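Treat the numbers as computed from the prediction; the structure is a model and nothing was measured. Keep in mind that the numbers below use all heavy atoms, side chains included, and drop hydrogens, waters and symmetry copies. Numbered from 1 within each chain, the chains take letters A, B, ... in sequence-line order.
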Protein chains: 2
Amino acid sequence: MLRVSKFTDYAVVVLSRLEAEGGVQTAPGLAAGTGIAEPTVAKVLKMLSQAGLVEGLRGARGGYRLLRPLASLGLSEVIVAMDGPIALTACVDGGFGLCEAEHTCPVRGRWDPVNAAIRGALSAIMVSEIASPPAPRRAAAPAPQPVLVAE
Amino acid sequence: MLRVSKFTDYAVVVLSRLEAEGGVQTAPGLAAGTGIAEPTVAKVLKMLSQAGLVEGLRGARGGYRLLRPLASLGLSEVIVAMDGPIALTACVDGGFGLCEAEHTCPVRGRWDPVNAAIRGALSAIMVSEIASPPAPRRAAAPAPQPVLVAE
DNA sequence: GTGAAAGGGGACCCATTCGGTCCGGATTGC
DNA sequence: GCAATCCGGACCGAATGGGTCCCCTTTCAC
């Protein structure tokens, strides 16, 4: 169905909460604030930390801290951090003779432009455009700018 | 991993073969030509037929026939035919209070611009750009035109 | 008119992956 | 030294996707 994993969704929520509160937040605190199960939040934060999107502070009084404002954080970075590289098919860019029916397959790595197009579209969207501002009540926020195309 | 189903890949291959050969092709014939298992090809063709991308001719001497040239067939149509509507998350456009943590979820249907962007990027790519022309040997075909962005 | 060839529409099963949980270890502040 | 917190992995159940098979209907050839 061409969907991203649920973790990407969670990541956006957690990042949004992280920016809304500001400062250092603990995993249990973020779990309580977002309504997501605590172990899941911890897992999401771990992944985001490995990707360098947040910083994990160990020890007592530790927690997680945003490293970059969400307005400068491309959605594609979050997706890559959670779901791995964006490649629509098994025939990835640098893929070699992995396809079993290589000689008969007429496609043969032609998915690259598609992957590039998706990446571009996703890179143009910032996380801050998805995560609604601190406002808990959705106050008919006008779209900050028409994103790309409107189909 | 943000990938489309394997069926979409198969569909592009089958459609490409269908246009390369021209005329009416049987499912077993297409299976032999593409190297894909026959039941799978039949399933793909059935779905494409339901979506109105190909026409199924019943009876002896039957087969499948392309209804539109691949140059005018958007990739998004194939994806929709095989994988269903393009919606990256469960919070689809018209989704109502399906989210369990609706009051705490700060995202709340904000994925719409993302979906629109993906749809737009996919609609701009024609199937003929992915399916290499009749050439069975890949002769370093230069990209017909830079598709969208290059990341 | 009869039989064979082909599509149409299901049901069905297996493998893979995803979503989620848990545990022990390492690190830091009080 | 103790407690709080992150870090890294292993682990398991469930859902989904990928693939096969069956029987029915339709149409052409003989």
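Between the side chain of A:S123 and the backbone N or O of A:R119, at least one donor-acceptor pair lies under 3.5 Å. Checking side-chain atoms of B:T34 against main-chain N and O of B:L30 turns up a donor-acceptor pair under 3.5 Å. With hydrogens and angles disregarded, a donor-acceptor distance shorter than 3.5 Å links the side chain of A:E129 to the backbone of A:M126.
Distances were taken from every side-chain heavy atom of A:Y64 (C-beta onward) to each of D:dC6, D:dA3, D:dT20; the shortest belongs to D:dC6. Comparing D:dG19, D:dT16, C:dT28 by their closest approach to the side chain of B:T40 singles out D:dG19. Listed nucleotides D:dC6, D:dA29, D:dT27 differ in distance to B:A60; the shortest reach to its side chain belongs to D:dT27. Closest contact between the side chain of A:A37 and the listed nucleotides C:dT21, C:dG7, C:dA4 involves C:dT21.
Remark: A:E55 pairs with A:R65 by the side chain to side chain donor-acceptor pair (under 3.5 Å) rule, at least two apart or across chains.
Atom CD of B:Q25 is separated from atom P of C:dG7 by 11 Å (rounded to the nearest Å). Rounded to whole Å, the distance from CZ on A:F7 to P on C:dT17 is 16 Å. If you take CZ of B:R3 and C1' of D:dT16, they are 11 Å apart, rounded to a whole angstrom. Between the NZ atom of B:K6 and the C1' atom of C:dT17 there is a distance of 13 Å, given to the nearest Å. Separating the CG atom of B:L30 from the C1' atom of C:dG7 is a distance of 13 Å, rounded to the nearest angstrom.
Criterion: ILVMFWY side-chain heavy atoms under 4.5 Å apart, direct or through other members. Under it, B:L48 and B:V24 are not part of a common hydrophobic cluster. Under the 4.5 Å side-chain heavy-atom criterion for Ile, Leu, Val, Met, Phe, Trp and Tyr, A:L57 and A:V44 are members of distinct hydrophobic clusters.
Each of A:T26 and B:P39 was assigned the nucleotide of DNA chain D with the nearest heavy atom; the assignment lying further toward the 5' end belongs to A:T26.
Interatomic distance, B:I79 CD1 to B:I86 CD1, rounded to the nearest 0.5 Å: 5.0 Å. Taken from CG in A:D9 to CZ in A:R3, the straight-line distance is 11.5 Å, to the nearest 0.5 Å.
Axis angle across the helix from C:dG1-D:dC30 to C:dC30-D:dG1, with five pairs used at each end and values rounded to 10°: 10°.
Annotation: proximity of residues 41-58 of chain A to DNA chain C (heavy atom, distance under 4.0 Å) is found for A:K43, A:R58, numbered in ascending order.
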Run the numbers on A:E77 and A:R68 for salt bridge (Lys or Arg N to Asp or Glu O under 4.0 Å), then give the verdict.
CA-CA 12 Å; A:E77 298 184 64; A:R68 292 161 53 191; 2.9 Å; yes
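Within the 4.0 Å cut-off from OP1 or OP2 of D:dG19, at least one side-chain nitrogen or oxygen of B:Y10 is found.
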